[in-house]
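None of these values were measured; they are calculated from a predicted model. Every chain is numbered from 1 and lettered A, B, ... according to where its sequence line falls, protein lines coming before strand lines.
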Amino acid sequence: MTDYLDRLNPEQRAAVETVDGPLLVLAGAGTGKTRVLTTRFAHILLTGRAHPGQVLAVTFTNKAAREMRERVGVLLGRPAEGLWLGTFHALCARMLRRHAALLGLTPTFSILDADDQLRLLKQVMEAASVDLKRWPAPGLMAAIQRWKDRGLVPAAVTPAEDTDFAGGRARPLYAAYQARLLALNACDFGDLLLHVTELLRTNAEVLGQYHRQFRYILVDEYQDTNLVQYLWLRLLAQASGNICCVGDDDQSIYSWRGAEVENILRFEKDFPAARVVRLESNYRSTAPILAAASGLIAHNEGRLGKTLRPGRRDAAGEQVSVVGLWDSDEEARMVGERIEALRRDDGQGGRHGLSEMAILVRAGFQTRAFEERLITLGVPYRIVGGLRFYERAEIRDAIAYARILVQPADDLAFERIVNVPRRGVGDAALRAMHARAREAGIPLLAAAAILLDEGALKGRVRDALRDLLRGLDRWRETLPREGYVVTVATMLDESGYMEMWQRDKSAEAPGRLENLKEFVRALGDFETLQGFLDHVSLVMENEESSEGERVSLMTLHAAKGLEFDTVFLPGWEEGLFPNQRALDEGGNKGLEEERRLAYVGITRARRRAIISHAANRRIYANWQSSIPSRFIEELPSEHVAVTGAARLARDSMLRAPSVFAGQFPLAARRQQTIDVWEMPARPARAASFAVGARVFHQKFGYGTVTAASDNRLDVAFDKAGAKRVLDSFVEPA
DNA sequence: TGACGTCACTTTTTT
DNA sequence: AGTGACGTCA
């Protein structure tokens with residue numbers, strides 16, 4: 001019955017069994033944080049302390065929520081149902097729909113995505129005749145979001161907290177934006193938290209209801225919470241005091257979007273009886289990797305202090321490699337070579353699966369060099385992150401159609417679809433509708449109907465708009481009868497939206513139609529259209545093309561929470577990592593966050609970490625030379641193996657840049673350094689290649705010789721096609 | 001309404 | 001360099 005407890009180490013067990021009262025679990029990387037959280041959840045249920053619906057479990061991402069749900073289900077031996085388990089936003093949306101009326105919304109309010117938010121804010125700013133050139137809307141959007149992150153409604157923004165945006169008009173603009181949202185019966189992401197927190201703060205009855213409901217609260221990735229999230233948690237936990245937060249201050253890498261590590265310190269202050277458990281036994285990585293990561297992070301000040309101890313029996317392992325390369329192309333080549341070598345053999349007679357390797361970069365643009373390289377080598381890879389399903393234009397259009405069906409007052413949705421597919425409703429017509437809507441204080445859709453009645457519109461615009469409005473009436477009518485799945489599908493069809501993509505001959509059109517089909521299929525998974533819309537705006541993700549063995553390519557931020565046998569950490573150069581902008585904007589705090597990012601990167605590795613830096617990198621248009629990252633020096637040298645010219649480059653460039661920079665013309669230097677660094681050394685010029693021989697070319701990858709004359713070869717490359725090359729540029733494959 | 005030119009931008013990103 | 005947003009012109 002309680003054998004699940006036997007699988008835990010003493011600290012983990014303490015974290016699970018300290019059920020009552022506030023508990024802070026400081027969980028280092030790889031110390032079994034998720035296991036503790038899920039086991040604790042199951043423990044609460046299995047010991048009869050609470051029913052599934054009486055535990056509130058909060059995560060940051062949907063992925064984490066899904067994982068926790070699954071693992072709790074496994075521990076319980078049955079699928080876990082009726083749980084209040086989800087992201088902050090999803091849980092808040094659920095609460096907000098219940099109490100919408102108390103905040104001046106209806107339960108069908110729309111949730112706007114980043115795109116809608118910005119469009120709306122722009123409209124507000126235009127209406128206030130703000131010069132959008134001088135005061136770009138994204139700047140104000142960011143300020144508003146930060147306010148919302150801190151739980152500040154417009155009235156609560158004091159002058160001290162104001163920005164000088166648009167000559168001190170930021171606050172009134174924020175207020176106007178909120179008013180517009182309310183008028184549209186809509187929320188942005190930040191509002192979900194803000195409104196619910198505001199409600200809990202001001203309405204004792206609602207607060208009491210949740211106090212009675214939630215006996216236990218569990219929080220994941222606590223170091224990433226922002227202030228509203230903290231306030232929300234504190235309000236909900238203040239009655240029972242049974243709140244358990246799990247986090248790692250050393251992995252706090254999201255301060256730039258409002259996360260406050262200080263919440264960890266605040267926790268102990270607000271819950272004076274709080275107990276603290278540290279998880280320090282790491283079961284993921286080898287001893288050298290842990291030593292390197294610990295040594296690095298020790299350079300940060302103001303940590304809560306945690307040491308990672310190797311917890312695996314087989315913790316011995318190779319040192320962390322640091323490799324210096326001439327430029328980013330060479331760096332990509334080195335990584336490609338190592339990947340291929342690992343794929344063939346891991347040194348112990350085993351092979352490495354590609355899905356156990358990852359390349360973690362600081363910034364998105366770095367992936368390109370690796371992609372190109374992996375393509376020529378024919379190594380499958382996947383990019384993690386990128387556009388989510390619901391961010392695609394066709395899905396957003398489809399959602400807008402569904403939204404306008406549920407909520408005729410949703411002007412943003414109306415604007416999005418009124419001329420998609422093209423109906424000849426241009427700016428002029430839209431302006432007329434806006435004018436009428438504003439003076440009568442009604443939604444655009446209603447304004448359109450009035451303009452039609454009055455005969456204010458002519459010709460094609462009139463006919464098209466009339467068709468659309470009639471269609472909407474009709475679909476809304478069939479909705480209760482046919483169900484929303486059929487109705488939405490019909491709507492997409494009859495509105496001409498599907499046809500628009502069927503007629504589109506561009507390369508993306510078939511993919512978009514596929515996505516739309518998937519959209520309609522997914523509609524059926526929900527009981528209500530509202531539920532579906534919430535899912536789409538809060539939860540829906542790209543289904544990962546996870547089939548097959550692939551190298552993962554992603555940013556360090558995207559890698560948090562993941563682990564791989566082998567991790568490549570390229571681009572450790574001053575300016576790139578630590579990132580110059582982070583330094584400029586965040587000063588020493590910025591530097592420390594960059595260092596935490598480096599710590600996150602290293603601790604993703606189970607067995608092998610390969611850090612690299614290039615002396616030259618093309619940034620935008622021109623080449624820029626750079627020196628190795630200070631983080632490299634901060635690694636404890638006994639756990640690090642430096643190869644290539646890492647040491648040389650750092651020393652000589654720091655002490656006497658001229659030696660390195662001015663001695664040779666660029667081309668000569670490049671040649672020379674490549675000769676030195678390239679490994680394995682290129683074989684002495686091979687005699688000649690026979691037709692049919694397999695060859696490898698640095699740029700084109702693998703191929704088969706189809707013709708040979710003198711030193712010229714015709715090669716059919718597997719990926720790059722047929723090329724004529726000099727034989728000295730290929731080697732036997 | 002669409003084509004074209006100009007301009008500024010280019011870290012990280014969930015919901 | 002490449003992109004995307006915006007404005008102007010036919």
Checklist entry - Reckon A/Asn62 has a side-chain N or O less than 4.0 Å from the OP1 or OP2 of B/dT15? => result yes
Checklist entry - Taking A/Glu573 for the side chain and A/Ala614 for the main chain, is one N or O donor matched with an acceptor at less than 3.5 Å? => result yes
Checklist entry - Atom CD of A/Gln229 and atom P of B/dT14: how far apart are they, to the nearest Å? => result 14 Å
Checklist entry - Hey, does A/Gly424 reach any base, or is it just sugar-phosphate, or nothing, if we go heavy atoms under 4.0 Å? => result sugar-phosphate
Checklist entry - Between B/dT15, B/dT13, B/dT11, which nucleotide has the shortest distance from any of its atoms to the side chain of A/His89? => result B/dT15
Next on the checklist: Would you call the rings of A/Trp501 and A/Tyr497 parallel, tilted or perpendicular, taking 30° and 60° as the class edges?
Outcome noted: perpendicular
Checklist entry - In whole Å, what is the span from the NZ atom of A/Lys133 to the P atom of B/dA8? => result 9 Å
Checklist entry - Any donor-acceptor pair under 3.5 Å joining the side chain of A/Arg581 to the base of B/dT12? => result no
Item to check | A/Thr87 vs B/dT14: side-chain N/O to OP1/OP2 distance below 4.0 Å | outcome: no
Checklist entry - Given B/dT11, B/dT13, B/dT15, which nucleotide is nearest the side-chain atoms of A/Thr61? => result B/dT15
Checklist entry - Given atom CD of A/Glu221 and atom P of B/dT15, what is their separation to the nearest angstrom? => result 12 Å
Checklist entry - Looking across every strand, which nucleic acid part, if any, lies under 4.0 Å from A/Lys122 by heavy atom: base, sugar-phosphate, or nothing? => result sugar-phosphate
Item to check | Mutual orientation of the aromatic rings belonging to A/Phe189 and A/His89 [parallel < 30°, tilted 30-60°, perpendicular > 60°] | outcome: perpendicular
Item to check | Distance below 4.0 Å between A/Arg422 side-chain N/O and B/dG2 OP1 or OP2 | outcome: yes
Item to check | Flag, side chain of A/Asn263 to backbone of A/Tyr230, donor-acceptor distance under 3.5 Å | outcome: no
Checklist entry - Just how far, in rounded Å, is P of B/dT12 from CG of A/Leu556? => result 11 Å
Next on the checklist: What's A/Asn419 touching, base or sugar-phosphate or nothing? Going by heavy atoms closer than 4.0 Å.
Outcome noted: sugar-phosphate
Next on the checklist: Measuring from the side chain of A/Arg362 (C-beta onward, heavy atoms only), which nucleotide among B/dT11, B/dT13, B/dT15 has the closest atom?
Outcome noted: B/dT11
